[in-house]
> 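Structure provided below as structure tokens; questions to follow.
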Amino acid sequence: MHLTSVVLIALMALLHIYILVLEMFLWQRGPGRRFSGFDAELARTTAPLAANQGLYNGFLAAGLVWGLIADDPTGYRVQVFFLSCIVVAGVYGAATANRRILFAQALPAAVTLATVIAAG
């Protein structure tokens, strides 16, 4: 179970790095516009907000990486904390912005959190 949790945490970190790149650097280009569903004008006006969100996703990814490299019990606690943050952010995002966030962010984080706790 431990190996599974490590792999899932790494995948979650990569997901959040991907989101960082989309929101910070590709928001006004094809990949970012497909991700957001915004037209060129709306993408342009919301780019600063998206970049801010991207930065937060980068912090989440950094926290997950920290959790992977830190010795226990710190590593375990950091993993639980950052995965919990992602679940909360995903649920909030699904409730306020787009329901897809529940399945793209909150659910994978919840499954990963469950494996971390099970591996304990």
Side-chain angles (χ1 to χ4, degrees):
M1 188 60 89
H2 176 70
L3 179 60
T4 301
S5 66
V6 168
V7 169
L8 290 176
I9 291 167
L11 289 172
M12 288 299 301
L14 289 173
L15 171 65
H16 286 275
I17 291 168
Y18 173 71
I19 295 170
L20 172 147
V21 170
L22 283 174
E23 292 177 339
M24 291 190 79
F25 305 110
L26 301 176
W27 192 251
Q28 296 182 65
R29 298 184 184 154
R33 290 192 32 222
R34 281 189 296 279
F35 179 74
S36 67
F38 293 166
D39 62 25
E41 180 59 24
L42 190 53
R44 185 188 64 72
T45 58
T46 59
L49 296 171
N52 189 40
Q53 289 175 182
L55 185 61
Y56 282 96
N57 278 287
F59 290 139
L60 293 172
L64 293 175
V65 170
W66 175 29
L68 285 175
I69 63 174
D71 291 331
D72 287 333
T74 301
Y76 175 81
R77 291 174 181 158
V78 168
Q79 292 169 15
V80 169
F81 174 77
F82 278 93
L83 288 167
S84 298
C85 289
I86 294 169
V87 171
V88 171
V91 169
Y92 183 79
T96 61
N98 189 321
R99 189 171 290 174
R100 291 182 312 180
I101 297 170
L102 184 66
F103 302 104
Q105 186 177 13
L107 183 60
V111 169
T112 304
L113 178 59
T115 64
V116 168
I117 292 169

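Note that these values count all heavy atoms, side chains included, but never hydrogens, waters or copies made by symmetry.
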> Would you mind writing out the side-chain donor-acceptor pairs for residues 110-117 within the sub-3.5 Å range, not counting sequence neighbours?
residue	atom	partner	partner atom	Å
Thr112	OG1	Pro108	O	2.8
Thr115	OG1	Thr112	O	2.7

> Nearest 0.5 Å, please: how far is CG in Leu8 from CG in Leu64?
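Here the rounded value is 11.0 Å.
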
> Would you list the atom pairs, donor with acceptor, under 3.5 Å between side chains in residues 71-87 and any protein atom, with sequence neighbours excluded?
residue	atom	partner	partner atom	Å
Asp72	OD1	Tyr76	N	3.0
Gln79	NE2	Gly67	O	2.8
Ser84	OG	Val80	O	2.7

> Hydrophobic cluster membership, with links at side-chain heavy-atom distances under 4.5 Å among I/L/V/M/F/W/Y: are Leu68 and Leu15 in one?
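Leu68 and Leu15: one cluster.
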
> For Arg100, which residues count as a salt bridge (Lys or Arg N to Asp or Glu O under 4.0 Å) partner, sequence neighbours excluded?
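Partners of Arg100 under the salt bridge (Lys or Arg N to Asp or Glu O under 4.0 Å) test: none.
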
> Please say yes or no: joined through hydrophobic side-chain contacts below 4.5 Å, possibly via intermediate residues, are Phe38 and Met24 part of one cluster?
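Shared cluster, yes.
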
> By side chain to side chain contact (heavy atoms under 4.5 Å, CB included), which residues pair with Val7, not counting sequence neighbours?
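Side chain to side chain contact (heavy atoms under 4.5 Å, CB included) list for Val7, sorted by chain: Leu3, Leu11.
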
> Would the number of heavy atoms belonging to other residues, nucleotides or ligands and lying under 6.0 Å from OH of Tyr18 be above 12?
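It does not: Tyr18 OH has 12 such atoms or fewer within range.
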
> Using a 4.5 Å cut-off on heavy atoms from C-beta on, say whether the side chain of Leu55 contacts that of Leu20.
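Counting from C-beta outward, Leu20 and Leu55 never come under 4.5 Å.
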
> Among all residues two or more places apart in sequence or in another chain, which pass the side-chain hydrogen bond (donor to acceptor under 3.5 Å, both in side chains) test with Arg44?
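Once residues adjacent in sequence are excluded, the partners of Arg44 under the side-chain hydrogen bond (donor to acceptor under 3.5 Å, both in side chains) criterion are Glu41.
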
> Among all residues two or more places apart in sequence or in another chain, which pass the side-chain hydrogen bond (donor to acceptor under 3.5 Å, both in side chains) test with Gln105?
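Partners of Gln105 by the side-chain hydrogen bond (donor to acceptor under 3.5 Å, both in side chains) criterion come out as none, since no residue qualifies.
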
> Run the side chain to side chain contact (heavy atoms under 4.5 Å, CB included) test against Glu23 and tell me which residues pass, sequence neighbours left out.
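Expected list: Ile19, Trp27, Phe35, Ala50, Gln53, Asn57.
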
> Establish whether Phe59 and Val21 are linked, either directly or via other cluster members, by ILVMFWY side-chain heavy-atom contacts under 4.5 Å.
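Same cluster.
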
